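These notes concern the structure reproduced below.
In what follows, chains carry the letters A, B, and so on, assigned in the order in which the sequence lines appear, proteins first and then strands, with residues in each chain numbered from 1. Predicted model, so just to flag it, every value in this text is computed and none were measured.
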Protein chains: 2
Amino acid sequence: MPHLLLKDLPRYECLLEAAKQFPNLDPSACEVFLNLLRTGDEAFRVTDEHFQANGLSQGRFTVLMLLFDKACGQSHSCTPAELADRAGVTRATMTGLIDTLERDAMVLRKPSASDRRMLSVELTPRAMAFIAEILPEHFRRINDLVAPLSESERRTLVRLLGKVASRAVEVSPPQAAAVHA
Amino acid sequence: MPHLLLKDLPRYECLLEAAKQFPNLDPSACEVFLNLLRTGDEAFRVTDEHFQANGLSQGRFTVLMLLFDKACGQSHSCTPAELADRAGVTRATMTGLIDTLERDAMVLRKPSASDRRMLSVELTPRAMAFIAEILPEHFRRINDLVAPLSESERRTLVRLLGKVASRAVEVSPPQAAAVHA
DNA sequence: GCCTGATGATTAGCCTCCTAATCACATAAG
DNA sequence: CTTATGTGATTAGGAGGCTAATCATCAGGC
């Protein structure tokens, strides 16, 4: 479920053309922006395809990874709230994701002993086996995707992406932590 | 409505740690992949924030842009099927997008004279004014986002992104044009 | 003229995201 | 103790993706 919605990128000449109408339009900036969105989406698609073939969505995969990470660190529990925060979705969304994962016998909800409002979410053995099953192909796809880049190109790309990402956070902070004035 | 779902990127040391468990995991490839997804999502967010403030979604904006482009080229009509193809969504999805745009008086559905199966979708004057209103800020945000990059860095970034995007298309073609064997 | 199959648009039903409202419980203030 | 406030999880309802199934129309073969 990518969200780019633009199959064919406008070509550079079109941007130059359009720039005549809109003085604000910087062709090179737009070109970077469009390529960034498109490539991000393509990269997403390459892995999502594999997920879908295994009945996963990006959200479900992320939850499994977060719990798997916990499990590896011996900390066998995680609350829905913590999962939501780390996955970057709302708690309502996390409730829905856990619902379907529980339905598919991938996770269990257990009441917390100390605070009766809280739950603890745990992976089932079935989920552990499933993760071990799909991860190798996941990494293979990532390696394959990045294969055309040399190590030095990879460093350059990460550096340039980092500049843009930092700038993005600067110009529009992820969530303006609503202060109760 | 970004879909990355991972607020905090695993740091490089974590990747190296994880690589011990999974021989397939190439840390530099994963780093590129994660940065690509994250930066794409951040870039998306910067513009989507502006859209949301104006009651638009990415899908609605794309439809308006496609129709606007048509309108500028004097070709005042466009079928839902063509819009769906160019936007990269299914026709069913396009029906839904046109529904809400029509409800908001942004587009009109008109029956086609030549083929009674077809519709023609047109922008309303209200939509034209709306587009002229929001585009300058849209371009301003894009320029702002890319501002930290020099012209030469932009060319490099576009080139490297292009390599990855081409590779993505290669390893998993967008849609395997189902042949009716 | 009349089937048959292709094509445009829509509908129905599912999933995942969202916001806002609700409910249960915890905690601090009085 | 009681009340107010805060916090965890859920529910309700909306939007936009998808696939699969329908319906109307077109175009070709006989």
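- Rounded to an integer number of Å, the gap from CD of A:Gln52 to C1' of D:dT19 is 11 Å.
- A donor-acceptor pair under 3.5 Å links the side-chain atoms of B:Thr124 to the main chain of B:Ala105, judged by distance alone.
- With sequence neighbours left out, B:Phe51 forms a ring-ring contact (aromatic ring centres under 6.0 Å, His included) with B:Phe61, B:His138.
- Nucleic acid contact class of A:Ser112 (heavy atoms, under 4.0 Å, all strands): none.
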Check nucleotides 23-28 of chain D for protein N or O atoms closer than 3.5 Å to its own N or O atoms and list the pairs.
| unit_1 | atom_1 | unit_2 | atom_2 | d |
| --- | --- | --- | --- | --- |
| D:dT25 | O2 | B:Arg117 | NH1 | 3.3 |
| D:dC26 | OP1 | B:Arg116 | N | 3.1 |

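- Between the A:Asn54 side chain and the A:Leu56 main chain, no donor and acceptor come within less than 3.5 Å of each other.
- Distance alone, capped at 3.5 Å, places no donor-acceptor pair between the B:Thr39 side chain and the B:Leu36 backbone.
- The distance between atom CD of B:Gln58 and atom P of C:dC18, rounded to the nearest whole Å, is 16 Å.
- In this structure, the side chains of B:Leu25 and A:Leu135 stay at 4.5 Å or more apart for every pair of heavy atoms.
- Counting only heavy atoms from C-beta on, B:Thr100 has its side chain closest to D:dG16 among C:dT16, D:dG16, C:dG8.
- Residue B:Leu101 contributes atom CG, which lies 12 Å from atom C1' of D:dA15 at whole-angstrom precision.
- Atom-to-atom, CZ of A:Arg45 to C1' of D:dC18 comes out at 15 Å; the value is rounded to the nearest Å.
- In this structure, B:Arg60 places its CZ atom 11 Å from P of D:dG17, rounding to the nearest Å.
- Atom P of nucleotide D:dA15 and atom CG of B:Asp48 are separated by 16 Å, given to the nearest angstrom.
- Counting all heavy atoms, side chain and backbone alike, B:Gly55 lies closest to B:Arg60 at O-NE, 3.4 Å.
- Distance, B:Phe51 CZ to C:dC18 C1': 18 Å, rounded to whole Å.
- The cluster map of Ile, Leu, Val, Met, Phe, Trp and Tyr, joined by side-chain heavy atoms under 4.5 Å apart, puts B:Met118 and B:Val107 in different clusters.
- Taking only side-chain nitrogens and oxygens, B:Ser57 never comes nearer than 4.0 Å to OP1 or OP2 of D:dA15.
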What pairs of nitrogen or oxygen atoms, one from the protein and one from nucleotides 10-12 of chain C, lie under 3.5 Å apart?
| unit_1 | atom_1 | unit_2 | atom_2 | d |
| --- | --- | --- | --- | --- |
| C:dT10 | OP1 | B:Arg109 | NE | 3.0 |
| C:dT10 | OP2 | B:Thr95 | OG1 | 3.3 |
| C:dT10 | OP2 | B:Arg109 | NH2 | 3.4 |

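- One can place CG of B:Leu83 at 13 Å from C1' of C:dG8, the figure rounded to the nearest angstrom.
- Sequence order on DNA chain C of the closest nucleotides to B:Met118 and A:Thr90 puts B:Met118 first from the 5' end.
- A donor-acceptor distance shorter than 3.5 angstrom exists from the side chain of A:Asn143 to the backbone of B:Asn24, with no hydrogens or angles considered.
- A donor-acceptor contact closer than 3.5 angstrom is absent between the side chains of B:Glu31 and B:Asn35.
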